[in-house]
Amino acid sequence: MDKMSDTMGNWPNAFRTSRLEEADGEGRNPTGNRTMGDIIAARFSRRSFLQGSLAATAIAATVSPLAIATAQDARAENSGSRFDFPEVTAGIDAHHHVAEGYDADILLRWGDKIFADSPDFDPLAQTPEHQARQFGYNNDYVGYIPIDGSSEHGLLVVNHEYTNEHLMFPGVVTVANGEITVSPPDRNRVDIEMAAHGGTVIEIRKENGKWTPVLDGAQNRRITAQTPMALSGPAAGHDRLKTKADPTGRAVLGTINNCAGGVTPWGTYIMAEENIHGYFMGTLPADHPEAANYERMGIPEGTYGWGLFHDRFDLSKEPNEPNRFGWVVEVDVSDPNSVPRKRTALGRFKHEGAQSVVATSGQVVFYLGDDERFDYVYKFVTKGRFDPQDRAANMDLLDEGTLYVARFDEDGTMAWLPLTFGEGPLGPQNGFSSQADVLIETRRAADLLGATPMDRPEDVEPNETNGRVYVMLTNNTKRKPDQVDAANPRAGNAFGHIIEIAEEGEDFAATTGRWEVLLKCGDPSIADVGATFSTQTSANGWFGMPDNCAVDAEGRLWVSTDGNSPKATGRTDGVWAVDTEGDARGTSRLFFRVPVGAEMCGPLMAPDMQTMFVAVQHPGDGGEDWEGFGRPSYYEDLSTRWPDFDDAMPVRPAVVAITRQGGGRIG
Ligand code: FEO
Ligand code: CA
Ligand code: CA
């Protein structure tokens with residue numbers, strides 16, 4: 001999700017929305033880690049990149065729509081693109097749209113049964129117990145774990161990032177002067193929200209070309225903000241992780257704000273804890289030693305009000321609880337009663353996701369973004385080696401290894417800097433007494449190493465086929481002209497960009513590499529935007545605010561977005577196919593778009609590339625700037641009732657399965 005406001009006061013005085021554009025203030029990074037760039041010398045562009053798509057603009061201004069379509073067909077034929085599908089027309093309405101020749105079928109909606117005995121969804125009589133047996137809210141990461149190697153039968157794993165009370169609950173909104181205010185929560189509402197967070201594991205099967213959930217699947221599971229979990233790795237058991245409820249510092253309840261994630265080579269499900277600051281409220285005791293640590297993470301923000309009913313979310317009552325969140329969580333999906341593990345070796349920050357790849361050495365490399373303005377890109381390299389013959393031998397690989405943070409240099413090289421206690425500045429001289437301290441305060445350790453502050457790192461995805469890595473940098477309107485550097489080349493970066501890393505020797509475990517900007521996003525027909533989509537990109541093909549991405553089995557890049565809107569870009573979010581090779585490099589085209597108010601999460605390609613799963617998150621959250629609605633959207637007055645379009649049903653986040661009519665490879 002986009003960031004929650006930190007200008008809001010503590011609950012319950014102010015309405016909170018997750019989608020306030022100017023949230024996060026100036027970012028949380030207090031350092032001067034800026035590679036001050038000579039903008040003119042900053043590297044950008046290959047020959048196929050042109051600033052401002054003049055050709056497309058000129059055609060659009062003077063020629064009939066049919067001629068434009070013909071011109072677009074010609075472009076597609078001549079582009080050398082690795083994609084072949086009829087592009088969706090960008091725009092805004094209450095529905096989803098997929099490329100012609102494809103079906104987009106609703107697979108799982110908020111409230112749907114996860115177990116054969118789950119209660120039916122009744123939005124007017126929801127309870128925490130019901131919610132804990134139903135599909136959660138705001139699906140984000142989608143992963144697929146094959147059963148017996150099948151692309152038509154497997155486990156779908158889905159994160160439920162956060163909740164939108166104004167869309168979920170009747171009777172909580174009041175409207176005045178075109179603004180909506182949400183009432184303070186009661187215990188029942190908070191407990192429903194906690195049960196709507198977390199993740200879902202559910203068996204799914206494709207029959208006659210269509211996917212359905214298998215409700216009696218033996219591994220089906222809901223994980224919530226109350227599920228017992230273990231802390232493992234170097235920080236587990238540390239005093240800074242101990243609470244009244246857990247004097248061991250090793251046992252924690254639940255996971256929250258699980259944004260993107262991953263599936264490991266050994267078939268476990270990874271959930272990344274991202275914007276944890278919103279869940280904590282209250283005031284630390286005076287002169288508490290965690291004050292600076294929490295400040296660097298924006299804790300507390302207090303917008304959810306959970307601490308009104310659960311002491312652990314109130315800093316005055318449990319001052320160490322926030323140190324037990326902000327980790328990467330690993331779930332063994334083979335046993336629905338397994339205890340998920342928070343793997344502290346991968347650091348504590350606002351984890352966007354954790355996609356992994358096996359390096360030539362057999363070590364496993366996890367790419368990690370810390371989604372905040374001016375924060376960093378990381379990777380974790382396991383100490384041990386992946387054993388494809390012995391699943392059990394891999395189950396604790398994530399407890400030992402090296403966490404690195406990225407420094408992107410002006411000359412197009414880069415270094416991965418190890419966050420290792422006792423090396424360089426990471427010792428007692430800076431207040432670190434152990435590796436646990438380094439991990440609990442990962443951001444401060446990375447500050448001291450001189451990492452490069454980025455424009456909100458979201459998904460970071462390796463391309464197994466060529467040793468490259470794609471980094472989604474969603475936007476950073478707070479970057480000032482004197483903070484521009486080669487890797488973050490635009491001040492007031494409203495539309496984000498994508499960096500491509502080439503690891504040294506195509507070795508994902510390398511500690512050096514090269515990089516370049518693959519795309520600067522935004523409308524290429526507006527020269528001031530400075531977007532660098534190729535001239536083959538149509539008026540539908542460009543996008544802003546890259547967020548999630550997927551590299552398919554052929555090494556092709558798919559990008560999904562968060563933040564396109566009528567006002568920002570004249571289009572909704574969606575999935576775009578982006579060429580990264582040859583003359584077509586930098587060409588993008590629209591494959592799927594979401595209904596008004598939604599953001600696009602996923603995407604995920606099934607191993608056989610015959611299904612793409614996407615997650616439509618917070619549909620109907622907004623509509624003020626869309627001429628088809630023009631006012632705030634909330635439970636009683638929704639900008640869309642996607643996906644049911646039933647007056648008795650609220651708008652519902654849902655996972656969608658996209659297949660080609662008649663079967664075949666996607667895209
Ligand atoms: Fe939850 Fe960084 O998006
Ligand atoms: Ca998002
Ligand atoms: Ca995201």
Side-chain angles (χ1 to χ4, degrees), residues 1-6 17-21 23-24 27-28 136-143 158-164 197-199 255-262 270-279 297-298 301 303-304 325-326 328-329 349-355 367-378 454-461 470-476 495-498 521 543-550 558-565 568 572-576 594 597-604 614-619 621-622 653 655:
M1 67 172 167
D2 209 317
K3 318 309 284 188
M4 291 178 284
S5 170
D6 61 7
T17 169
S18 57
R19 301 192 44 78
L20 295 174
E21 270 302 311
D24 265 347
R28 296 282 169 193
Y137 206 74
N138 272 347
N139 30 223
D140 195 302
Y141 175 73
V142 182
V158 183
N159 283 351
H160 301 297
E161 187 181 21
Y162 70 109
T163 47
N164 293 108
H197 276 67
T255 182
I256 48 178
N257 213 269
N258 304 95
C259 192
I270 300 285
M271 312 169 73
E273 296 184 329
E274 192 193 27
N275 289 303
I276 62 165
H277 55 299
Y279 301 85
M297 292 281 282
E301 190 186 55
T303 46
Y304 282 83
F325 292 87
V328 159
V329 183
F349 45 87
K350 293 182 183 174
H351 277 284
E352 169 71 24
Q355 294 287 352
Y367 287 92
L368 312 166
D370 181 358
D371 183 3
E372 186 127 28
R373 295 184 173 104
F374 303 109
D375 265 292
Y376 305 128
V377 173
Y378 298 82
M454 308 299 287
D455 287 347
R456 289 188 53 199
E458 301 259 18
D459 260 7
V460 185
E461 181 108 2
Y470 302 100
V471 184
M472 306 295 118
L473 297 153
T474 195
N475 64 70
N476 181 359
F495 302 107
H497 59 289
I498 299 174
C521 304
F543 57 84
M545 303 89 169
D547 185 338
N548 301 122
C549 66
W558 301 81
V559 174
S560 67
T561 61
D562 173 11
N564 291 272
S565 68
T572 60
D573 285 317
V575 178
W576 277 265
V594 297
E599 75 174 86
M600 184 84 276
C601 300
L604 171 83
V614 295
V616 176
Q617 195 187 74
H618 60 75
D621 187 15
V655 171

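Both counts, for ligands and for their atoms, begin at 1 and track the order of listing.
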Report the atom name of the nearest N/O/S atom of [X] relative to atom 2 (Fe) of ligand 1.
X	value
Glu274	OE2
Asp371	OD2
Glu352	OE1
Glu458	OE1

Checklist entry - Given OE2 of Glu599 on one side and OD2 of Asp547 on the other, what angle do they make at the Ca ion (ligand 2), to 10°? => result 110°
Checklist entry - Relative to the Ca ion (ligand 2), which of the N, O or S atoms in Asp562 is the closest? => result OD2
Out of curiosity, [X] [atom1] to [Y] [atom2], how far, rounded to the nearest 0.5 Å?
X	Y	atom1	atom2	answer
Asn164	Tyr137	CG	OH	4.5 Å
Asp562	Glu599	CG	CD	3.5 Å
Cys259	Asp547	SG	CG	6.0 Å

Item to check | Glu161 near the Ca ion (ligand 2): N/O/S under 3.0 Å | outcome: no
Checklist entry - Centroid-to-centroid, Phe349 to His351, below 6.0 Å? => result yes
Checklist entry - Do Met271 and His160 have side chains that get closer than 4.5 Å, going by heavy atoms? => result no
Item to check | Parallel, tilted or perpendicular: ring planes of Tyr304 versus Tyr279, cut at 30 and 60 degrees | outcome: parallel
Checklist entry - For Glu161, what is the atom name of its N, O or S atom nearest to atom 1 (Fe) of ligand 1? => result OE2
